[in-house]
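Quantities reported herein were computed from a predicted structural model and do not represent experimental measurements. Remember, it's 1-based here, ligands and their atoms both numbered in the order they're listed.
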Amino acid sequence: MYVAPSILSADFGRLDEEVRAICDAGCDLVHVDVMDGHFVPNMTIGPVVVSAVAKAASKPLDIHLMVQNNNFFVDLFAPLKPKFLSFHIEEEKHPHRLIQKIRDFGISPGIVLNPHTPPETIEFILNEIDLVLIMSVNPGFGGQSFIPSSLEKIRRLREMIDKKGAKVLIEVDGGINGLNVREVEEAGVDIVVAGNYVFSSHDYAHAIASLRV
Ligand code: DX5
Ligand code: ZN
């Protein structure tokens, strides 16, 4: 299991220090939530701050766009060279085209599914992407509870991926903690995002290790 702490729950007054701390504590990716106040009822950070995060991070960035104008935001964030750049399928009329654009930047494209979105929506573009991010809470805020129907969705997606022989990682985002991580792993998840669970802990290394099931 790969672990991607979400810096949404970090202390933004000490962001540089927090990013260094999770990297030193052994995380695999640094999950960055970009919110525009339109697609979700919250706003976070733009490329100026994310480039400071990239500088502080000794691990690759995993950027999760929660925005209305994906094309515009891909142009803003692609120059920061994240490992993954993921956008919501609910907000994209031409996902196939956007995937190619992200790949042309040399970045691994990912697609995000909101809690109501069935995995079958992306069946015919599965072979084009490197990552599917399953939202297990409503996007916009950290510290919410895991939505149980996400487990069935992960299982169905796992089956679809295995049947197609696609090389796609499954990531889950929202309400993940040391108690439910085994369940999501058994359902077929490769990467867990955890915000509140990691950053509210007094020992980041211990919290990250406890998610590696
Ligand atoms: C929510 C974000 C998540 C969030 C997860 O919109 O996409 O990455 O930070 O936070 P926790 O792990 O606290 O649910
Ligand atoms: Zn996220």
Side-chain angles (χ1 to χ4, degrees), residues 1-12 15 18-19 22 25 27-46 49-50 53 57 59-68 70 73-74 77 80 82-91 108-117 129-151 153-154 169-185 189-202 204 206-208 210-213:
M1 181 70 82
Y2 296 110
V3 180
S6 162
I7 59 165
L8 188 59
S9 293
D11 177 349
F12 272 64
L15 193 51
E18 291 273 72
V19 171
I22 51 165
C27 73
D28 300 291
L29 294 159
V30 176
H31 186 83
V32 179
D33 291 300
V34 174
M35 307 183 188
D36 67 347
H38 294 280
F39 179 66
V40 287
N42 196 6
M43 288 174 77
T44 54
I45 50 179
V49 177
V50 179
V53 171
K59 304 291 168 67
L61 300 194
D62 170 33
I63 298 185
H64 173 191
L65 297 177
M66 283 161 273
V67 300
Q68 269 187 352
N70 283 310
F73 281 85
V74 165
F77 287 95
L80 303 179
K83 165 77 184 136
F84 297 107
L85 184 52
S86 304
F87 62 88
H88 274 260
I89 193 74
E90 299 85 10
E91 199 53 52
S108 289
I111 287 190
V112 197
L113 307 181
N114 262 341
H116 73 284
T117 306
I129 55 180
D130 292 344
L131 177 79
V132 179
L133 174 47
I134 302 273
M135 287 311 298
S136 44
V137 297
N138 283 298
F141 303 94
Q144 305 178 77
S145 304
F146 183 84
I147 298 173
S149 62
S150 316
L151 284 173
K153 197 196 288 194
I154 293 162
L169 295 167
I170 302 180
E171 182 174 31
V172 67
D173 184 2
I176 298 297
N177 55 49
L179 295 175
N180 59 18
V181 68
R182 189 164 293 280
E183 257 186 322
V184 297
E185 194 268 340
V189 162
D190 305 293
I191 307 172
V192 282
V193 175
N196 195 51
Y197 179 70
V198 169
F199 284 100
S200 69
S201 123
H202 296 297
Y204 294 171
H206 183 263
I208 290 167
S210 72
L211 293 173
R212 232 182 263 292
V213 289

(message) For the CE atom on M43, are there more than 12 heavy atoms of other groups (residues, nucleotides or ligands in this structure) within a distance under 6.0 Å?
(response) no
(message) Is any side-chain heavy atom of V32 closer than 4.5 Å to one of I45?
(response) yes
Would you be so kind as to tabulate the donor-acceptor pairs closer than 3.5 Å made by side chains of residues 2-9, with sequence neighbours excluded?
residue, atom, partner, partner atom, Å
S6, OG, L8, N, 3.3
S6, OG, D33, OD2, 2.7
S9, OG, N196, N, 3.3

(request) Identify which protein N/O/S atoms are less than 2.8 Å from the Zn ion (ligand 2). (result) H31 NE2, D33 OD1, H64 ND1, D173 OD2
(request) Walk me through it: do M135 and V112 pass the test side chain to side chain contact (heavy atoms under 4.5 Å, CB included)? (result) CA-CA 7 Å; M135 287 311 298; V112 197; 3.7 Å; yes
(request) Under the side chain to side chain donor-acceptor pair (under 3.5 Å) rule, collect the residues that match up with E90, sequence neighbours excluded. (result) H88, T117
(request) May I have the step-by-step check of side chain to side chain contact (heavy atoms under 4.5 Å, CB included) for H31 and L133, ending in yes or no? (result) CA-CA 12 Å; H31 186 83; L133 174 47; 4.1 Å; yes
(request) Output yes when a side-chain donor or acceptor of D36 lies under 3.5 Å from a complementary backbone atom of H38, and no otherwise. (result) yes
(request) Salt-bridge test for D28 and K83: reply yes if a basic N is under 4.0 Å from a carboxylate O, no otherwise. (result) no
(request) Compare all side-chain heavy atoms of D173 with those of I134 and state whether any distance is below 4.5 angstrom. (result) no
(message) Can you list every protein residue that has a heavy atom under 4.0 Å from any atom of ligand 1, sorted by chain and residue number?
(response) S6, L8, H31, D33, M35, H64, M66, M135, P139, G140, F141, G142, G143, D173, G174, G175, V193, A194, G195, N196
